[in-house]
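For reference, the structure is listed below as structure tokens.
For the single chain, residues carry numbers from 1 onward in sequence order.
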Amino acid sequence: MTPSTYTQITLAERPEAEILPTTFKREVVPLNLKPGPKQILVKLRYVSIDPAMRGWLRDKRSYLPPVQIGEVMRAGGLAEVVEAGPESAFKVGDIVEGTWGWREYGVFDDKAATKVDVQPGLDILDYMGPLGMTGMTAYFGLLDVGQVKPGEKLLVSGAAGATGSVVCQIGKKKGAKVYAIAGSQEKCDWLEKDVGVEKALNYKSPTFFDDFKKHVGYVDVFFDNVGGEILDFVLTRLNLHARIVLCGAISDYNKAKPQGLTAYLNLIAMRAKIQGFIVFDYAKQYSEARQEIAAWLKDGSFKRRFHVVKGLQNAPEALNLLFSGGNTGKLIVQVSDEPAKL
């Protein structure tokens with residue numbers, strides 16, 4: 001039975017540093033939504049929690065406009081079509097991916113949705129992890145920006161996270177020697193035993209910098225999800241013509257005034273480069289990446305881990321887990337208790 005109201009979470013104020021209980025507002029609104037001719041009414045199943053969301057809260061020029069005060073918090077996810085307009089390309093029961101936001105229901109144009117056909121041997125959550133934006137970010141960041149080659153040393157920070165763990169495995173598939181940085185011994189053990197990296201180092205260890213020099217030495221490609229002190233240190237540990245893939249800087253996202261880099265002059269000496277990228281630029285190539293990653297998932301050679309938080313009301317707290325290191329693998333909020341109909 002369709003409820004008479006639904007919940008959505010909007011931005012109440014812009015955080016100066018850490019996300020606070022007052023940053024977001026939970027609203028219960030009437031469910032009187034009706035799709036137009038080429039629109040769909042969807043019921044959210046899962047929403048993705050990603051570090052980029054913190055950047056969307058800043059009122060600054062970027063690759064996407066900031067979320068405005070009073071707007072539903074932006075988020076990608078999976079939803080089920082519960083009603084389709086008479087000219088819609090979708091039908092009731094279809095599972096679709098899109099940028100739905102933190103809400104239980106919503107009406108969207110057909111063009112905002114992409115149908116998800118879950119292949120045999122795959123899980124629906126794979127389309128939010130290795131086959132979703134997480135996987136696409138890892139794939140194109142490493143292969144197109146990083147240009148990793150067989151036999152090269154690949155270093156990955158935030159390696160136990162959603163993107164980092166995929167980067168590690170793609171690097172191994174492409175013949176690189178993969179080294180990882182994570183924030184706990186448990187995460188390092190998982191990376192070594194399950195993911196199969198050469199060595200995983202705990203950056204919280206008092207001997208981290210010495211351990212790095214001993215086990216890693218110098219690197220050819222650095223896929224960086226963390227920024228800050230770790231990036232500055234790795235700038236001093238580059239091989240000739242090294243490439244740094246600047247995917248994120250989660251250590252600085254909650255800082256009002258992040259500190260700048262001091263070791264960047266080594267880029268000149270090593271003829272190295274540091275390059276940022278946005279995954280949306282590769283949208284026309286997603287299908288080829290998904291085909292290759294799906295094959296690895298099906299043959300069991302590709303590991304994935306999901307951290308699922310239940311309840312839309314817990315989305316703000318889930319977002320904070322990214323900055324406290326409280327998650328391993330892909331972080332997802334399950335919006336609906338009902339399983340998606342496949």
Side-chain angles (χ1 to χ4, degrees), residues 48-56 62-64 74-78 97-99 114 116 119 122 125-181 195 197 219-227 231 234 241-250 253 272-298 301-304 322 329-331:
S48 179
I49 303 296
D50 302 291
M53 299 170 75
R54 180 62 183 83
W56 299 339
S62 187
Y63 63 97
L64 286 176
R74 181 186 297 137
L78 296 175
E97 62 178 345
T99 305
T114 302
V116 174
Q119 302 174 32
L122 301 178
L125 293 185
D126 287 330
Y127 293 84
M128 297 186 68
L131 298 179
M133 289 303 100
T134 292
M136 300 303 98
T137 299
Y139 188 94
F140 293 107
L142 179 61
L143 301 184
D144 186 67
V145 181
Q147 296 284 314
V148 71
K149 300 176 181 66
E152 288 190 322
K153 280 188 181 180
L154 165 64
L155 174 68
V156 184
S157 63
T163 301
S165 59
V166 176
V167 173
C168 288
Q169 295 180 81
I170 295 176
K172 283 175 55 63
K173 291 286 187 182
K174 299 302 179 179
K177 295 180 180 179
V178 183
Y179 297 84
I181 300 174
V195 175
V197 302
V219 302
D220 300 295
V221 180
F222 177 33
F223 195 106
D224 187 26
N225 296 296
V226 174
L231 173 57
V234 176
H241 301 303
R243 288 84 69 199
I244 298 176
V245 183
L246 195 60
C247 181
I250 200 166
Y253 286 165
K273 71 175 182 179
I274 181 169
Q275 181 178 341
F277 73 104
I278 298 297
V279 68
F280 303 137
D281 294 342
Y282 298 91
K284 293 182 179 179
Q285 300 169 256
Y286 288 169
S287 59
E288 63 183 65
R290 283 173 170 156
Q291 185 176 4
E292 187 167 17
I293 296 173
W296 297 333
L297 289 168
K298 290 177 181 178
S301 64
F302 208 86
K303 308 296 182 184
R304 70 276 215 202
L322 293 172
K330 178 61 185 172
L331 185 57

**Q.** Residue pair Val178 / Gln169, side-chain heavy-atom distance below 4.5 Å
**A.** no
Q. Atom CG in Leu297, atom NZ in Lys303: separation rounded to 0.5 Å?
A. 10.5 Å
(Q) If you compare all heavy atoms of Ala75 against all heavy atoms of Met53, which two are closest, and at what distance to 0.1 Å? (A) CB-CE, 3.8 Å
Q) For Thr163, does its backbone N or O pair with a side-chain atom of Thr134 as donor and acceptor, under 3.5 Å? A) no
Q) For the residue pair Leu131 and Ala294, what are the closest heavy atoms and their distance? A) CD2-N, 3.8 Å
**Q.** Residues that Asp50 engages under salt bridge (Lys or Arg N to Asp or Glu O under 4.0 Å), provided they are two or more places apart
**A.** Lys330
Q. Should Leu231 and Ile244 be marked as a side-chain contact (heavy atoms from CB on, under 4.5 Å) after you check the CA-CA gap, both sets of side-chain angles, and the distance that decides it?
A. CA-CA 9 Å; Leu231 173 57; Ile244 298 176; 4.1 Å; yes
Q) What pairs meet the salt bridge (charged side-chain N to carboxylate O under 4.0 Å, His left out) rule with one or both residues in residues 126-153, with sequence neighbours excluded? A) Asp126-Arg304, Glu152-Arg243
Q) Side chains of Lys173 and Ser301: does their closest heavy-atom pair fall under 4.5 Å? A) yes
Q) Is Asp224 reaching over with its side chain to a backbone N or O of Leu246, donor-acceptor style, under 3.5 angstrom? A) no
Q: Report the residues that fulfil side-chain contact (heavy atoms from CB on, under 4.5 Å) with Ala272, sequence neighbours left out, ordered by chain and then residue number.
A: Leu238, Ala242, Leu267, Met270
Q) Are Tyr127 and Gln119 close enough that some pair of their side-chain heavy atoms sits under 4.5 Å apart? A) yes
Q. Would you say Asn225 and Ile250 make side-chain contact, with heavy atoms under 4.5 Å?
A. no
**Q.** Any side-chain heavy-atom pair of Val226 and Ile181 under 4.5 Å
**A.** no
Q) Would you call the rings of Phe280 and Tyr63 parallel, tilted or perpendicular if under 30° counts as parallel and over 60° as perpendicular? A) tilted
(Q) So which atom in Met128 and which in Ser48 form the shortest heavy-atom distance, rounded to 0.1 Å? (A) CE-N, 3.2 Å
Q: Give the minimum heavy-atom separation between Phe223 and Gly141, together with the two atoms involved.
A: CE1-C, 3.7 Å
Q | Least distance between heavy atoms, Trp296 atom then Ile170 atom | A | CZ3-CG1, 3.9 Å
Q. Tyr139 and Val166: side-chain contact (heavy atoms from CB on, under 4.5 Å), yes or no, with the steps?
A. CA-CA 8 Å; Tyr139 188 94; Val166 176; over 6 Å; no
Q: Report the residues that fulfil salt bridge (Lys or Arg N to Asp or Glu O under 4.0 Å) with Arg74, sequence neighbours left out, ordered by chain and then residue number.
A: none
Q. What distance separates Phe277 CZ from Thr137 OG1, expressed to the nearest 0.5 Å?
A. 5.5 Å
Q: Could you go through the side-chain contact (heavy atoms from CB on, under 4.5 Å) check for Leu143 and Val148 one step at a time?
A: CA-CA 6 Å; Leu143 301 184; Val148 71; 3.9 Å; yes
Q | side-chain contact (heavy atoms from CB on, under 4.5 Å) evaluation trace for Phe222 with Ile274 | A | CA-CA 9 Å; Phe222 177 33; Ile274 181 169; over 6 Å; no
(Q) Using every non-hydrogen atom in the two residues, find where Leu154 and Val167 come nearest and quote the distance to one decimal. (A) CD2-O, 4.1 Å
Q) Hey, what do you get for CD (Gln285) to CE (Met136), rounding to the nearest 0.5 Å? A) 11.0 Å
Q: Look only at the side chain of Tyr286 and the backbone of Tyr282, and say whether a donor-acceptor pair between them is shorter than 3.5 Å.
A: no
Q. Got a second to check how far Leu78's CG is from Thr114's OG1, nearest 0.5 Å?
A. 11.0 Å
Q. Excluding sequence neighbours, so at least two apart, what forms salt bridge (Lys or Arg N to Asp or Glu O under 4.0 Å) with Glu292?
A. Lys174
**Q.** Val116 backbone acceptor or donor facing Glu97 side chain under 3.5 Å
**A.** no
Q. In chain order, what residues pass the salt bridge (Lys or Arg N to Asp or Glu O under 4.0 Å) check against Arg54, with sequence neighbours excluded?
A. none
